[in-house]
Number of protein chains: 2
Amino acid sequence: MSAEIDNRPRRARAKRINDPEGMRRKVLDVAEAAFQARGYHASSLGDLMAAAGVSSGALHHHFPTKKALALAVIDERVAAAVEDTWIAPVRQAASAREGVRQVFEAVAAELERQGFVRGCPLNNLAHELSLADPELRLALANIFSTWRQAIADRIVADQREGREQGTDPRHFAMFAVAAYSGAMSMAKAAQDARPLRDCLAALEQSASQAASSEPEPVARRRRRVLRRYSAS
Amino acid sequence: MSAEIDNRPRRARAKRINDPEGMRRKVLDVAEAAFQARGYHASSLGDLMAAAGVSSGALHHHFPTKKALALAVIDERVAAAVEDTWIAPVRQAASAREGVRQVFEAVAAELERQGFVRGCPLNNLAHELSLADPELRLALANIFSTWRQAIADRIVADQREGREQGTDPRHFAMFAVAAYSGAMSMAKAAQDARPLRDCLAALEQSASQAASSEPEPVARRRRRVLRRYSAS
DNA sequence: TTATAAACAGGACGATCACCCTGTTTTGGA
DNA sequence: TCCAAAACAGGGTGATCGTCCTGTTTATAA
């Protein structure tokens with residue numbers, strides 16, 4: 001019985017413990033913000049290095065190429081942003097429709113508070129990179145897919161509980177995400193949150209027309225302000 | 001009586017008459033296609049010069065800077081594309097809702113025929129340039145505004161003729177454009193026309209729920225295939 | 001014709017880009 | 001303690017970018 005048995009679980013590779021300030025995380029922070037504010041092509045690695053305070057060697061140690069950095073931002077940051085901003089609120093809301101309404105409301109309020117519109121991180125990158133690289137496109141498309149699936153799942157749950165009827169889950173999810181993405185596009189171009197407000201109003205009108213079978217008493221409004229979309 | 005009287009109307013500046021092949025037009029053709037396929041930043045002037053077969057001197061004679069070229073593409077091509085693809089069809093349709101439906105249908109069919117998705121030219125440029133330059137942003141926002149106004153005007157006309165009621169024109173227009181733009185974003189990311197189809201289905205379902213007051217008998221479907229979105 | 005300016009041609013320039021390469025320091029396991 | 005590998009530092013490199021600049025051709029007005 002050698003003492004190796006106790007040491008075996010320690011065979012993990014030499015890793016962090018170093019990294020007192022988290023260089024990789026810092027680069028991801030800066031890259032996420034820069035891609036959101038200026039886009040992928042307009043953000044040079046020199047800019048990112050300066051903003052993050054890291055050397056060229058450090059950056060390329062963690063991210064061999066700029067594309068690898070983009071992939072990391074997409075997988076580790078954009079996906080999380082969609083999860084926090086959309087998926088979790090929709091899951092926690094009283095219903096799918098109410099969840100969609102709440103997110104529109106919360107994002108519109110946040111944009112009005114900020115005074116400017118940077119757009120949807122996923123949508124921004126999707127436009128710039130979908131045709132540029134198949135791998136990046138797939139990563140972005142998967143996030144869109146997860147996003148839609150969460151809404152569709154919520155519709156199915158609502159239907160099982162008798163809160164929703166006659167609605168195709170996939171169609172509704174696609175529609176909700178499309179309306180949001182498109183509204184954010186126009187909000188970004190106009191630098192105005194009104195597109196979100198108008199779409200929310202149109203969404204509620206079409207919902208109220210279909211609510212003749214719903215006994216719900218208008219559904220109470222929960223105050224839920226998102227923390228995403230912070231100024232740089 | 002000198003002969004000068006006859007010559008006076010000829011005082012117009014020396015211009016075209018030259019330009020046998022239309023160099024400016026050729027550059028705009030190539031730039032429009034390249035911005036659509038690869039985006040603004042990813043399209044170098046060298047690429048455009050090579051593709052158009054023009055020299056650096058010629059290009060910079062017609063467009064002093066790359067930004068000026070982008071502005072010309074936006075004002076002279078993107079605006080026209082929106083007019084041809086959306087505004088004219090909506091004006092000619094039996095109603096605003098039917099026009100929106102037809103455009104969705106036509107674009108979806110065209111994308112399926114092509115087998116790939118380049119996205120909406122306006123939306124593509126809006127995402128890349130809205131935060132990059134105020135002048136370009138304004139030009140793009142104005143096209144969005146014209147687009148929405150045309151739909152809203154059509155709703156108002158429908159209401160005057162008793163074909164529509166209880167619909168806020170601005171909200172509906174914003175909603176229709178947002179749903180289209182967002183659906184095209186996802187179609188581009190997924191390289192699949194289904195987002196258009198799904199949104200069309202969701203749009204028709206919500207319309208049918210509100211159609212209890214409409215005496216229209218489902219509205220016949222007009223075959224209208226768009227010529228935009230040609231392969232490069 | 002002659003003068004003038006527009007319409008091009010095409011090379012040159014400085015800046016910037018993403019990436020590489022050679023060291024040096026640090027870390028964790030033996 | 002020793003060593004191999006990871007974690008950085010930082011200057012260099014070739015390519016490419018948008019723009020400029022100097023000529024040459026072409027068309028129009030006088």
Side-chain angles (χ1 to χ4, degrees), chain A residues 2-28 30-31 34-35 38-72 129 132-133 136, chain B residues 2-28 30-31 34-35 38-72 129 132-133 136:
Chain A
S2 62
E4 268 188 67
I5 296 175
D6 271 13
N7 280 348
R8 202 181 26 168
R10 283 247 161 267
R11 68 185 157 82
R13 294 259 203 74
K15 267 191 182 169
R16 10 158 223 114
I17 295 190
N18 178 14
D19 205 9
E21 352 173 28
M23 274 203 156
R24 200 189 112 98
R25 190 181 55 81
K26 214 173 204 173
V27 171
L28 280 177
V30 165
F35 291 169
R38 292 182 295 276
Y40 176 78
H41 286 108
S43 300
S44 76
L45 294 183
D47 293 342
L48 302 183
M49 283 159 45
V54 299
S55 66
S56 171
L59 194 153
H60 283 89
H61 173 72
H62 293 289
F63 309 102
T65 65
K66 193 182 181 185
K67 171 183 165 179
L69 174 58
L71 207 54
L129 302 177
D133 184 277
L136 296 176
Chain B
S2 63
E4 269 188 66
I5 297 174
D6 270 13
N7 281 350
R8 202 180 26 167
R10 286 244 160 267
R11 66 186 159 83
R13 293 259 202 73
K15 268 190 181 169
R16 0 151 234 119
I17 295 191
N18 180 13
D19 205 9
E21 354 174 29
M23 275 202 155
R24 201 188 111 98
R25 190 180 55 81
K26 214 174 204 173
V27 172
L28 281 177
V30 166
F35 291 170
R38 293 182 295 277
Y40 175 79
H41 285 108
S43 300
S44 76
L45 294 183
D47 294 342
L48 302 183
M49 284 159 45
V54 300
S55 66
S56 170
L59 195 156
H60 283 87
H61 173 72
H62 293 289
F63 309 101
T65 66
K66 194 183 180 186
K67 171 183 165 179
L69 174 58
L71 208 53
L129 302 177
D133 184 278
L136 296 176

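Numbers restart at 1 for each chain; the letters A, B, ... are given by sequence-line order, proteins then strands.
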Counting the atoms with a prime plus P, OP1 and OP2 as sugar-phosphate, which does Ser56(A) contact under 4.0 Å by heavy atoms, base, sugar-phosphate, or nothing? base
Round to a whole Å and report the spacing from [atom1] of [X] to [atom2] of [N].
X	N	atom1	atom2	answer
Phe63(A)	dC17(C)	CZ	C1'	19 Å
Lys26(A)	dA7(D)	NZ	P	17 Å
Leu48(A)	dC17(C)	CG	P	10 Å
His61(B)	dC21(D)	NE2	C1'	15 Å
Lys66(B)	dA15(C)	NZ	P	20 Å
His60(A)	dT13(D)	NE2	C1'	13 Å
Leu45(A)	dG12(D)	CG	P	19 Å
His41(A)	dT16(C)	NE2	C1'	15 Å

At less than 3.5 Å, do the side-chain atoms of Thr65(A) and the base atoms of dC19(C) form a donor-acceptor pair? no
Nearest-nucleotide comparison on DNA chain C, the residue closer to the 5′ end among Ala58(B) and Pro64(A): Ala58(B)
Pairwise 5' ranking along DNA chain C for Gly57(B) and Tyr40(A), keeping only the more 5' one: Gly57(B)
According to a strict under-4.0 Å criterion, is Ser44(B) in side-chain N/O contact with OP1 or OP2 of dC17(D)? yes
Non-hydrogen side-chain atoms of His62(A) and Leu28(A) separated by less than 4.5 Å: no
Do Tyr40(B) and His41(A) come within less than 4.5 Å of each other through their side chains, counting heavy atoms only? no
Residue pair Phe35(B) / Ala70(B): nearest heavy atoms and the distance that separates them: CE1-CA, 4.0 Å
If every non-hydrogen atom of Val27(A) is compared with every non-hydrogen atom of Val54(A), which pair is closest and at what distance? CG2-CG2, 3.9 Å
